[in-house]
2 protein chains.
Amino acid sequence: MTAVLVIEDDDRIRLALLLALEEEGYTAYGAASAEEGLRRHQQTPADNILVDLMLPGLDGFECIRQLRRDDDVPIVVVSARDDTHDIVAALEAGADDYLVKPVAIKELTARLRALRRRARAGTAVSVQVFGDLEVSAEAGEVRLDGRPVAVTRTEFRLLCELALHAGKVLSRQQLLQRVWGYDTGDERLVDVHVGRLRQKIERDPTNPRHLVTLRGLGYKLQR
Amino acid sequence: MTAVLVIEDDDRIRLALLLALEEEGYTAYGAASAEEGLRRHQQTPADNILVDLMLPGLDGFECIRQLRRDDDVPIVVVSARDDTHDIVAALEAGADDYLVKPVAIKELTARLRALRRRARAGTAVSVQVFGDLEVSAEAGEVRLDGRPVAVTRTEFRLLCELALHAGKVLSRQQLLQRVWGYDTGDERLVDVHVGRLRQKIERDPTNPRHLVTLRGLGYKLQR
DNA sequence: CAGGTTCATGACAGTTGTGTGACAAAACCG
DNA sequence: CGGTTTTGTCACACAACTGTCATGAACCTG
């Protein structure tokens, strides 16, 4: 779960942002001043910080500088001022992005995602977790209970494809198409590989909990 | 010196951007289509890429996806379209930022700086440690158990490339591309050099613990 | 419950991927 | 220049993987 701290003095805007972010699946909490924001972040560090520029007391620029003194958290400025000087100054102070109000929530979350992807790059590898099962596309690794599991290339591609659409059914046709690149072919092939994959990633392969069959529809991977 | 590649089909805009960037102290060069841009970046990788969305042939989104397939250079979209859908789609495709034309050059460069600051964080470590193995890119040195190991230039480049993306799989294609600069070539070449490298940096070369093979995927270096 | 459909699985032969040693060309260097 | 190191190519052997098929179980449907 991604936690976002919103530092904004206007109650209406702050609440609107918090609601919209929660709607999108974030854990969001607010602060009405820079001082309060700094304090809250020190207590429970957020994964992202949104900050307004015009704040009572300590202003946004100073707030960013103080945050940056000992933290590398992605900071996005959300300001009413659409002025190159402000934008440049905010970025120079250490912000990562600058949006002008009113912001489209979809754009905001897309930018937060892009920023987190960038902040993560180089440090850790991204991992998808399904209970006791972990899949990391970039590390080319599958783990069950934290222990690495050896899977073959096709099994891995198949698993990644299913993980990419976690929770959604994929028909054998779709899988043949996306994993094998076959426009046509024997759908049984998919069964065989699903079977082999189950042997490796399910505690009880005859009673799959992750990679389940939806009779007549296809397969899906669930959490 | 920072090199920026500008992919933009409108000659006037491209030239204006190139001039403005040079004015600001960047080395800037352009491409009038996605295909040309991809080719130029492959030959001489840029530190930043600016890309338009509406391009003849391959469009901007596809261009970004192709760049992202094997590179995480900071990408900024510069587009005339101010539409949330486009912005979200571009960021999802892998862009880091999105600016709407006409852009203020000062804002553009400030955003480029912010982006590079972010992209550098984490990667700038000059000595990387993988258990008993140490790789120092700057010193051009490799140590096993603290003892220096003599590796050849290509072996060293190969090792650095793998260390730079520690924990992530790199395909033989990517390695050929990045270590040798070959756009095409015999992938077995990589095997041979990996084999030679293992002889030097692995305690038990037949049972590699650091430089491991991921059948069908490529190689990776792990801690 | 009979008949048809859909799915799981084990076996097998053909194919592919990888490690390695040998060798010649190229680069390097006193 | 002549010797040494490095590099890239090749061929071969072996292990691992893939796709097909046959069989039987599980599941629907009327």
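Chain letters run A, B, ... following the sequence lines, proteins first, then strands; residues in each count from 1.
- Scanning for side-chain contact (heavy atoms from CB on, under 4.5 Å) contacts around A:Asn207 gives A:Asp204, with sequence neighbours left out.
- Partners of A:Arg157 by side chain to side chain donor-acceptor pair (under 3.5 Å), not counting sequence neighbours: none found.
- Listed by chain and number, the residues in a salt bridge (charged side-chain N to carboxylate O under 4.0 Å, His left out) with A:Arg209 amount to none (sequence neighbours excluded).
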What string of B, S and - do you get for nucleotides 8-30 of chain C 5' to 3' if you count protein non-hydrogen atoms under 4.0 Å?
SB-B-----BBBB----------

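- Each ring pair (Phe, Tyr, Trp, His ring centres under 6.0 Å) pair with one or both residues in residues 193-223 of chain B, not counting sequence neighbours, appears once here: B:Trp180-B:His193.
- A:Arg153 pairs by the salt bridge (charged side-chain N to carboxylate O under 4.0 Å, His left out) definition with nothing, not counting sequence neighbours.
- For the helix from C:dC1-D:dG30 to C:dG30-D:dC1, the end axes, each set by the C1' atoms of five terminal pairs, are bent relative to each other by 40° (nearest 10°).
- With sequence neighbours left out, B:Arg143 forms a salt bridge (charged side-chain N to carboxylate O under 4.0 Å, His left out) with B:Glu141.
- The separation between B:Glu155 atom CD and D:dT6 atom C1' is 9 Å, rounded to whole Å.
- The nearest whole Å value for the distance from the CZ atom in B:Phe156 to the C1' atom in D:dT5 is 18 Å.
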Taking distance alone, no hydrogens or angles, what donor-acceptor pairs closer than 3.5 Å link side-chain atoms of residues 17-28 of chain A to residues at least two apart or in another chain?
from: A:Glu22; atom 1: OE2; to: A:Ala28; atom 2: N; distance (Å): 3.4
from: A:Glu24; atom 1: OE2; to: A:Lys106; atom 2: NZ; distance (Å): 3.1

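- Whole-Å rounding puts the A:Leu158 CG to D:dC17 C1' distance at 15 Å.
- Of the side-chain N and O atoms in A:Thr152, none sit less than 4.0 angstrom from OP1 or OP2 of D:dC17.
- Judged purely by distance below 3.5 Å, without hydrogens or angles, the side chains of A:Glu134 and A:Gln128 never pair a donor atom with an acceptor atom.
- The phosphate of D:dT7 has neither OP1 nor OP2 within less than 4.0 Å of any side-chain N or O from B:Trp180.
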